[in-house]
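Below is one structure, written out as C-alpha cells, with a few remarks after it.
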Amino acid sequence: MSDTISAATSSNFIRDIITDHLERGRYDKVVTRFPPEPNGYLHIGHAKSICLNFGLAKTFGGVCHLRMDDTNPTKEETEYVESIANDVRWLGFEWKGQDATTPFYASDYFQQLYDWAELLIQKGKAYVDSVSRDELRKNRGTLTEPGRESPFRSRTPDENLDLFRRMKAGEFEEGEHVLRAKIDLASPNMLMRDPPLYRILKAHHHRTGDAWCIYPMYDYAHGLSDALEGITHSICTLEFENNRELYDWCLDAVGFSEPRPHQYEFARLVLDYTVMSKRKLLLLVKDGLVDGWDDPRMPTIAGLRRRGVRPEAIRAFADMIGVAKTNSTVDIGKLEYCIREDLNAISPRAMAVLDPLEVVIDTWPDDLVESGDSIEAPWFPPELADGRTTTRRIPLGKTLYIERDDFMEDPPKDFHRLSPGQEVRLRYGFVIRCDRVVKDEDGKVIRLHVSHDAETRHGTTGSDKKKVKGTIHWVDAQAALDAEVRVYDRLFKVAAPDREDDFLSTLNPESKVVMQAKIEPALSAFGAGQHVQFERQGFFFTDPSDHKDGVRVFNKVVGLRDTWAKVKARTEVPSAVPEPVAKKAAKAPDTRPEKLSRAEIRERRFAADPALAARFEAMKRDLGMSEDEAELCAETHALADFVEAALAVYAKPQAIAKWVVNELLREVKERDLETLPLTAVAFAGLVKLVDEGQLSTTAGKTVFAELVQQGGDPEAIVARLGLAQVDDDGAIEAAADQVIASNADQVAKYRSGKTQLLGFFVGQVMKATGGRARPDKVSDIVKSKLG
RNA sequence: UGGGGCGUCGUCAAGUGGUAAGACACGGGAUUUUGAUUCCCGCAUGCGAAGGUUCGAAUCCUUCCGCCCCAACCA
C-alpha cells in the first residue's frame with residue numbers, strides 16, 4: 001500500500017468501534033473485506049467503501065479481503081471481475097486473497113455453503129418450499145400484516161433433505177422449489193419471514209460453470225463467507241440495516257460463536273450532478289449516451305482514471321467526506337477541489353489556445369518576421385519549482401493566437417484583458433496594445449492588430465516596470481501545433497438527476513465539447529497519460545488511449561478556480577431558467593396505518609388494562625403528579641409497583657417521579673426493570689439523600705449508575721466512594737482559586753465578555769472536587785471571583 | 001402505534017453533561033507576469049421543534065415534526 005495514503009484520516013464511528021474492540025480484546029486483529037458483485041464497473045461510491053475497508057485494515061494493522069460476491073450467475077461476468085480487481089489496485093490498495101493477484105470468490109465456498117444448508121435442514125432450521133413465486137410473495141404478508149405459513153413448512157427434515165438434494169441434482173426446473181430459513185412469518189422485519197436461502201438457477205456461472213444449478217442468496221452466502229474468511233468487521237451500506245438481523249441469524253444457526261463477524265452500516269456516497277446506481281450507469285453505456293464505462297464523464301473509477309484524476313485525489317476525497325450514518329449528498333465541488341489540489345502540485349504549466357483569435361503585431365521588427373523569436377519559460381511556477389528547473393522555449397512571431405474570450409470590444413470596467421486601445425501582458429512575452437479590430441461581413445471579429453512594447457519583454461531588466469491589469473496566454477501561429485481538446489463538464493444539468501422520473505432527460509448536452517485547439521510546440525514531447533496545466537484554464541490529461549504520435553488528444557480534468565467567471569455571473573442577469581423542480585418518482589402505496597394521537601394511544605392502552613388506568617388516575621389525583629409523570633410511572637404494572645414501593649420508603653412523589661422519569665426510564669428501555677440490581681428501597685434511599693441535600697445531584701447520578709450496575713445500598717456507596725456533599729466555602733474557594741490560577745487565558749476571555757465560559761469554570765471546580773461540591777455554591781463563588 | 005435508521009453552518013462532518021472542532025463553499029484583504037496557487041481575516045449566542053431534569057444540555061428524559069430503508073427465488 002502506498003505511503004501517500006493519508007495517515008491522519010479523521011475519526012469515525014466505525015474506527016471508534018474497532019478501537020474499542022481491540023482494547024477489550026474482542027478480536028486481536030482486524031480483518032475487513034470489500035465485497036463487490038461483479039455485475040458492473042466500480043464507481044466513486046465504491047471508492048469510498050474501498051478506502052474505508054482497506055484504510056481500516058491499514059490503520060489497525062490488519063488485512064482487507066477483496067471478495068467477488070458472485071452468487072447470481074445471471075448477472076455476473078468475468079469482464080467485471082477484471083475491471084474491479086484492476087480498479088482496486090489502481091486506487092492503491094493490495095488485498096489479501098488466495099495470492100496477491102487473485103481475489104476471494106464467494107463461489108469458492110459453494111460446497112461449504114451447501115453442506116451448511118443440509119445442516120440447517122437437519123436442525124429443522126430450513127425447509128424446502130414448493131409454492132409458486134407469486135404465492136410466496138403473497139404469503140409474506142405486508143408491512144403491517146403478518147405472513148402466512150406455507151403448507152410445506154411442516155415437511156420433515158428427511159423430506160426436506162431429499163428434496164434439497166434433488167434440487168441440487170437438477171431434477172427440478174427454476175422456480176419449482178426454494179430452500180427457506182424457518183424463522184418467523186410474523187416478524188416485523190420482513191426479511192425474517194422465512195427468507196429464501198437457495199434458489200434453482202440453471203445458468204452458467206462465470207467460474208463454476210455448470211457445476212451447480214442451485215445458488216445461495218445474498219443474506220445466506222454473505223455472512224457465512226465472512227465467517228469463513230475470519231472477517232471481524234463486515235461493513236456495508238445503510239440499506240442493509242434490516243439485513244443485520246438475518247446476518248446474525250445465519251451465523252448463529254450454522255453455529256458460529258464469538259468472536260465472529262458483525263455487520264456495521266454507513267451511508268453510501270451520493271454525489272451532486274451524477275447518478276451512481278449500476279443500473280443507470282449501465283443504461284448510459286448500453287444506450288450509447290456515453291462512450292463506454294470509461295467515458296471521462298462517468299463517475300466510474302475507470303472514467304475518472306481516463307479523465308486524468310489520480311488515485312491520490314480520490315483517496316483525499318474519501319477522507320474529506322468522512323464516514324457517518326446520515327444520508328447525505330456531497331457537493332461535487334469537494335471532489336473538484338481534491339482533484340485540483342492534487343494536480344496543482346504535479347502538473348507542468350503550458351499554453352494552449354482552445355478557441356483561437358488571430359492577432360497580428362504590426363510593430364514586429366522586420367528582421368524577425370521570417371526567423372521568429374523565442375522565449376525561455378519554466379515548466380513550473382517558482383512556488384512549485386522545488387528544484388525542478390527545467391524550461392522550454394516558446395516560439396514567438398508576428399502572428400499569434402489568443403483566446404477569443406480574452407478580447408472584448410465593449411468590455412465592462414473590471415475586465416482585465418484585451419480591448420480596443422487597452423493594454424495587456426502576454427504571458428512570458430511583452431505588453432501589447434490593441435490598435436485595430438478586423439471583422440467579417442457578419443460583424444464577427446476575425447483579427448486584431450496590435451503594437452508591442454519591446455521594453456517589457458520577459459526576462460529583461462525592467463520588463464515589469466509597466467503595470468497592466470491582465471496577463472493572457474497565447475501561442476505563436478506559425479509554430480503552434482494542432483490538438484483535439486475534449487472539454488468535459490458535469491454529465492447532468494440538475495443537482496439530483498436521481499430524483500427525476502426520467503433522469504436521461506436531464507443529461508447535459510454540453511458535457512463533452514470537442515475543440516480544435518492550438519498548443520505550444522513543446523507539448524509535442526508529451527506521451528499518453530500525462531498531466532499538464534493549460535495556464536489560466538485548467539488541468540488537462542493526454543488521453544491514455546487516443547493520444548498518439550501526431551494525434552494529440554487532451555482531456556480536461558478540471559478547470560482552475562475562476563473568480564472572474566463568478567464576478568461575471570454575479571453582475572449578469574441571473575439565468576432565467578430555474579432548475580427544474582425534481583419530481584419524485586411514484587412510490588408503492590404506503591400501507592402504514594394512520595397515525596394515532598398520543599391521547600388515543602393512551603386511551604387504547606388503558607382501555608386494554610383498566611387496572612393500569614386506575615393506577616394512573618391515582619398517581620395523578622392522590623400523589624399530585626403531572627399528567628406526563630403519571631403516565632410514564634404507570635407505563636407498566638412493574639414500574640408502577642416500583643414507584644409505589646419507593647414511595648413507601650420516601651413519601652415525596654415529586655422527587656421520586658423526577659428521578660423515575662429522568663433517570664430510571666433510560667435504564668429500562670433496553671432492560672426489564674426486574675433484571676436491574678437496583679431495588680425500589682435503594683432507589684428511594686438515593687432520592688432521599690439528594691432531596692435532603694446530603695448529596696449533590698452530580699454525585700447522586702454517580703451513585704445511581706453504581707446502583708444500576710451493582711445494586712447495593714446508597715449510603716454505603718456514598719461512604720465507599722467518599723461522595724458526601726462538600727458544602728464548606730473554604731474548600732470550594734480553594735478549588736476555585738486553583739482553577740482560576742491555572743487558566744489565565746480563559747479568565748481573560750471571560751472578563752472580556754465571553755461569559756458562557758462560566759460553565760467551563762464551574763465544571764473544572766466540580767471535577768476538582770470529584771463532583772462532591774454543592775454546585776449552586778460553586779457557581780456563586782466562581783462568579784464572584786471572576787468578577 | 002409494523003419494524004429498522006437518521007436530523008449539528010449553504011454542503012460534508014467532529015462532538016457521548018463543562019469554551020459548538022475541521023474541511024469545502026462563500027465574503028473581505030495581502031502577494032502574484034495564471035482573475036490560478038499561497039497567505040491572513042470573517043463566517044452556528046446555537047445543534048429539527050417544544051417542554052422537562054441539572055449550577056450547567058447538541059449530549060439525559062418526554063412529546064411532537066421531518067427524511068431514508070424493508071413486502072426480488074437481486075446484491
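Since this is a predicted model, take the numbers as computed values, not measurements.
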A:R417 vs B:rG35: side-chain N/O to OP1/OP2 distance below 4.0 Å: no
A:Y337 side-chain N/O to B:rC24 phosphate OP1/OP2 under 4.0 Å: yes
Side chain to side chain contact (heavy atoms under 4.5 Å, CB included) against A:P348, all qualifying residues, sequence neighbours excluded: A:W379, A:F380, A:F526
Side-chain N,O (A:K658) to OP1/OP2 (B:rU54) below 4.0 Å: yes
Residues that A:R605 engages under side chain to side chain contact (heavy atoms under 4.5 Å, CB included), provided they are two or more places apart: A:L612, A:E631, A:E635
Pairs satisfying salt bridge (charged side-chain N to carboxylate O under 4.0 Å, His left out), at least one member in residues 462-475 of chain A, at least two apart: A:E423-A:K466, A:D453-A:K466
Between the protein and nucleotides 62-64 of chain B, are there any N/O to N/O pairs under 3.5 Å, and if so, what are the atom names and distances?
unit_1: B:rU62; atom_1: OP2; unit_2: A:K669; atom_2: NZ; d: 3.3

Nucleotide B:rU34, atom P - distance to CG of A:N344 in whole Å: 13 Å
Atom pair distance, as rounded to whole Å: CH2 in A:W659 and C1' in B:rU53: 10 Å
Atom-to-atom span, CG of A:D562 to C1' of B:rG35 - whole angstrom: 7 Å
Any residue meeting ring-ring contact (aromatic ring centres under 6.0 Å, His included) with A:F34, in chain and number order, not counting sequence neighbours: none
Sequence-distant partners of A:D386, salt bridge (charged side-chain N to carboxylate O under 4.0 Å, His left out), two or more places apart: none
Any A:R199 side-chain nitrogen or oxygen under 4.0 Å from OP1 or OP2 of B:rC74: yes
All N/O contacts under 3.5 Å from nucleotides 15-22 of chain B to the protein, with atom names and distances to one decimal?
unit_1: B:rG17; atom_1: O6; unit_2: A:K701; atom_2: NZ; d: 2.9
unit_1: B:rG18; atom_1: N2; unit_2: A:G759; atom_2: O; d: 3.4
unit_1: B:rG18; atom_1: N3; unit_2: A:G759; atom_2: O; d: 2.7
unit_1: B:rU19; atom_1: N3; unit_2: A:Q746; atom_2: OE1; d: 3.3
unit_1: B:rU19; atom_1: N3; unit_2: A:Q746; atom_2: NE2; d: 2.9
unit_1: B:rU19; atom_1: O4; unit_2: A:Q746; atom_2: NE2; d: 2.3
unit_1: B:rA20; atom_1: OP1; unit_2: A:Q756; atom_2: NE2; d: 2.4

Distance test, side-chain N/O of A:T74 to OP1/OP2 of B:rC74, below 4.0 Å: no
Under-4.0 Å side-chain N/O to phosphate OP1/OP2 contact, A:K566 with B:rC26: yes
A:F534 ring center near A:F539 ring center (under 6.0 Å): no
Protein-nucleic acid N or O pairs under 3.5 Å, nucleotides 4-8 of chain B:
unit_1: B:rG5; atom_1: O2'; unit_2: A:E241; atom_2: OE1; d: 3.2
unit_1: B:rG5; atom_1: O2'; unit_2: A:E241; atom_2: OE2; d: 2.9

All side chain to side chain contact (heavy atoms under 4.5 Å, CB included) counterparts of A:E627, not counting sequence neighbours: A:R602, A:F616, A:K620
Donor-acceptor side-chain pairing of A:Q746 and A:Y750 below 3.5 angstrom: no
Any N/O donor-acceptor pair, A:R340 side-chain to B:rU37 base, under 3.5 Å: no
Touch class at under 4.0 angstrom, heavy-atom based, for A:R133 against every strand present: base
Pairs involving residues 186-199 of chain A, ordered by first then second residue, that meet salt bridge (charged side-chain N to carboxylate O under 4.0 Å, His left out) (sequence neighbours left out): A:R153-A:D194
B:rG35 phosphate, OP1 or OP2, under 4.0 Å from A:R536 side-chain N/O: yes
Strand RNA chain B as a dot-bracket string - pairs counted if Watson-Crick or G-U with both distances under 3.5 Å, | where the partner lies in another strand: .(((((((.[[[..)..(...]]].(((((.......))))).....[[[[[..)....]]]]])))))).....
Ring centres under 6.0 angstrom apart (A:Y264, A:F240): no
hbond_proxy A:H458 side chain to B:rU33 base (donor-acceptor, 3.5 Å cutoff): yes
With A:R67 via salt bridge (charged side-chain N to carboxylate O under 4.0 Å, His left out) - residues at least two apart: A:D226, A:E229
Under 4.0 angstrom between A:S696 side-chain N/O and B:rC55 OP1 or OP2: no
